[in-house]
Amino acid sequence: MKKEDILTRLEQIRSQIIEATHRAGRDEEDITLVAVSKHQPIEYVQWAIEAGQKVFGENYIQEALDKVEKLKEHKQKIQFHFIGRCQSNKAKYVPGNFSMVHSVDSIKFVKELDKRCAHLGIGLDILVQVNVAKEETKGGVLEQDLFKFVEDILDLTNNLELMGLMCMPPYFEDPERVRPYFATLRRLKESLEQKLGIDLPHLSMGMSSDFKQAILEGATLVRIGTNIFGPREY
Ligand SMILES: *Cc1c(COP(=O)(O)O)cnc(C)c1O
């Protein structure tokens with residue numbers, strides 16, 4: 001990928017997001033594009049920053065810390081979101097380096113995050129990942145365990161701000177088939193808000209193949225990698 005390619009792709013995705021937002025009768029400011037830069041070279045991230053991209057999603061702590069370090073001159077204007085698997089032994093690296101965690105699915109991890117936040121005297125926004133299709137290979141809390149899990153978070157943490165839910169449904173050739181899963185996540189968010197009397201402003205859902213459907217179902221954070229940066233290099 002050349003610099004111009006990334007600029008053009010970002011531009012295209014931004015207008016597709018705006019189009020879907022209008023189709024859904026929603027405000028443009030309600031949706032944040034999280035550019036997923038895992039396994040992408042640092043120059044791609046730099047070019048995206050030049051093109052005005054502010055939020056980046058990373059799955060692997062070590063790789064992300066490396067990028068945070070290399071991009072520290074941009075610290076004031078960019079943010080990293082952690083969207084990968086939660087490993088409790090890595091939790092201590094999250095606060096201070098990331099502004100949000102999308103993929104919370106373990107109480108042990110949550111406790112570690114909270115402890116580290118307390119130590120640093122800072123807060124951290126979190127989302128709970130829900131395994132909406134009950135897939136064995138995927139992370140996330142099952143629907144039947146969600147209420148207890150959220151109550152535990154509210155009881156056990158002082159420094160974390162629970163902001164909403166995230167999901168990663170199965171891939172379908174036809175993105176319309178993913179829509180029911182997005183609708184499920186929205187319904188779960190609404191029912192948590194009602195039952196627990198809390199406000200959950202965010203729904204993180206939609207990737208390269210299905211972000212338009214996610215926006216129509218209420219996504220506020222869309223996580224897009226391949227459509228911006230091309231295929232990942234492993
Ligand atoms: C890799 C990844 C993405 C981006 O997927 P693309 O299909 O490349 O847009 C989004 N969310 C999560 C959790 C991911 O791991």
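Remember, it's 1-based here, ligands and their atoms both numbered in the order they're listed. Source: prediction; values computed, not measured.
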For F98, which residues count as a ring-ring contact (aromatic ring centres under 6.0 Å, His included) partner, sequence neighbours excluded? F82
Partners meeting salt bridge (Lys or Arg N to Asp or Glu O under 4.0 Å) with K148 (sequence neighbours left out): D152
For the residue pair V68 and E58, establish whether any side-chain heavy-atom pair is separated by less than 4.5 Å. no
pair R232-Q40: side-chain heavy atoms closer than 4.5 Å: yes
Distances only, to 0.1 Å: what are the N or O pairs between ligand 1 and the protein that fall under 3.5 Å?
from	atom 1	to	atom 2	distance (Å)
ligand 1	8 (O)	T226	N	2.8
ligand 1	8 (O)	T226	OG1	2.5
ligand 1	8 (O)	R232	NH1	2.9
ligand 1	8 (O)	R232	NH2	3.2
ligand 1	9 (O)	S208	N	3.0
ligand 1	9 (O)	S208	OG	2.5
ligand 1	9 (O)	G225	N	2.8
ligand 1	11 (N)	R223	NE	2.8
ligand 1	15 (O)	K38	NZ	2.7
ligand 1	15 (O)	N59	ND2	2.7

Residue set satisfying side-chain hydrogen bond (donor to acceptor under 3.5 Å, both in side chains) with E193, at least two apart, ordered chain then number -> K189
Applying side chain to side chain contact (heavy atoms under 4.5 Å, CB included) between R223 and each of V36, L33, V55, T32, report the one that passes. V36
